[in-house]
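Got a structure for you, written out below as structure tokens; questions coming shortly.
The chain is numbered in sequence order, starting from 1.
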Amino acid sequence: MRTLKDAKIGETVKVAKITGSGPIKRRIMDMGIVKGVEIYIRKVAPLGDPIEVTVRGFELSLRKADAEMITLVE
């Protein structure tokens with residue numbers, strides 16, 4: 001399965017599911033990242049962490065550990 005961590009800069013992807021549990025999953029969902037939403041990968045920090053994305057018209061920075069919990073539609 002491909003995760004948000006594997007997405008490339010400039011790519012628009014769609015969320016299939018969020019695999020975390022408890023407060024981490026809730027925090028990701030509170031940011032607007034839910035099943036079916038499109039995410040645009042804006043840029044990645046020089047050392048690869050964090051990843052800057054655009055979700056529902058606003059910009060977010062996600063840690064690699066959080067991005068790994070977001071499974072994408074193939």
Side-chain angles (χ1 to χ4, degrees):
M1 282 193 218
R2 192 168 149 212
T3 65
L4 186 61
K5 179 182 171 188
D6 306 323
K8 305 289 180 220
I9 297 171
E11 192 176 357
T12 299
V13 295
K14 196 171 198 175
V15 176
K17 68 178 181 177
I18 300 170
T19 56
S21 64
I24 296 170
K25 182 176 181 178
R26 178 88 253 154
R27 186 169 51 88
I28 292 170
M29 292 176 71
D30 287 344
M31 287 189 272
I33 301 173
V34 293
K35 182 179 178 181
V37 75
E38 289 191 347
I39 300 174
Y40 173 72
I41 313 304
R42 291 179 41 88
K43 54 187 163 180
V44 178
L47 297 176
D49 202 15
I51 301 168
E52 188 174 307
V53 299
T54 301
V55 181
R56 300 179 185 224
F58 60 94
E59 296 164 4
L60 293 173
S61 290
L62 294 170
R63 291 178 288 188
K64 275 187 175 180
D66 294 342
E68 211 167 17
M69 295 179 197
I70 302 167
T71 305
L72 305 176
V73 173
E74 294 294 327

Checklist entry - Minimum heavy-atom separation for Val37 to Arg56, with atom names? => result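 Closest pair (atom of Val37, atom of Arg56, distance): CG2-NE, 3.4 Å.
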Next on the checklist: Here's a test for you: under side-chain contact (heavy atoms from CB on, under 4.5 Å), which of Ile28, Ile39, Val34, Leu4 qualifies with Val15?
Outcome noted: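 The residue from Ile28, Ile39, Val34, Leu4 that satisfies side-chain contact (heavy atoms from CB on, under 4.5 Å) with Val15 turns out to be Ile39.
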Next on the checklist: Taking transitive links into account, so neighbours of neighbours count too, which hydrophobic residues share a cluster with Tyr40 at under 4.5 Å side-chain distance?
Outcome noted: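 None; Tyr40 is a cluster of one.
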Item to check | Pairs meeting criterion salt bridge (Lys or Arg N to Asp or Glu O under 4.0 Å) with involvement of residues 30-40, two or more places apart | outcome: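 Passing the test, one end in residues 30-40: Arg26-Asp30.
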Item to check | Contacts of type salt bridge (Lys or Arg N to Asp or Glu O under 4.0 Å), residue Glu59, not counting sequence neighbours | outcome: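 Checked Glu59 against salt bridge (Lys or Arg N to Asp or Glu O under 4.0 Å); matches are Arg42.
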Next on the checklist: Could you check whether atom CD1 of Ile9 has more than 12 heavy atoms from other residues, nucleotides or ligands sitting under 6.0 Å from it?
Outcome noted: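 More than 12 within 6.0 Å, yes.
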Item to check | Lys5 NZ to Lys64 NZ distance, which is reported to the nearest 0.5 Å | outcome: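 If I round to the nearest 0.5 Å, the distance is 5.5 Å.
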Next on the checklist: When you group the ILVMFWY residues by side-chain heavy-atom contacts below 4.5 Å and let the links chain together, are Phe58 and Leu62 in the same group?
Outcome noted: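 Yes, because Leu62 and Phe58 connect within a single hydrophobic cluster, where side-chain heavy atoms sit under 4.5 Å apart.
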Checklist entry - At what distance, to the nearest 0.5 angstrom, does OG1 of Thr54 lie from CD1 of Ile41? => result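 Those atoms lie 8.5 Å apart.
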Checklist entry - Among all residues two or more places apart in sequence or in another chain, which pass the side chain to side chain contact (heavy atoms under 4.5 Å, CB included) test with Arg63? => result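 Listed in chain order: Arg27, Asp49, Asp66.
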Ignoring hydrogens and angles, write down the donor-acceptor pairs under 3.5 Å from the side chains of residues 67-74, residues two or more places apart or on other chains.
from  : atom 1 : to   : atom 2 : distance (Å)
Glu74 : OE2    : Arg2 : N      : 3.1

Checklist entry - side chain to side chain donor-acceptor pair (under 3.5 Å) with Thr3: which residues, sequence neighbours excluded? => result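 Thr3 satisfies side chain to side chain donor-acceptor pair (under 3.5 Å) with Asp6 only.
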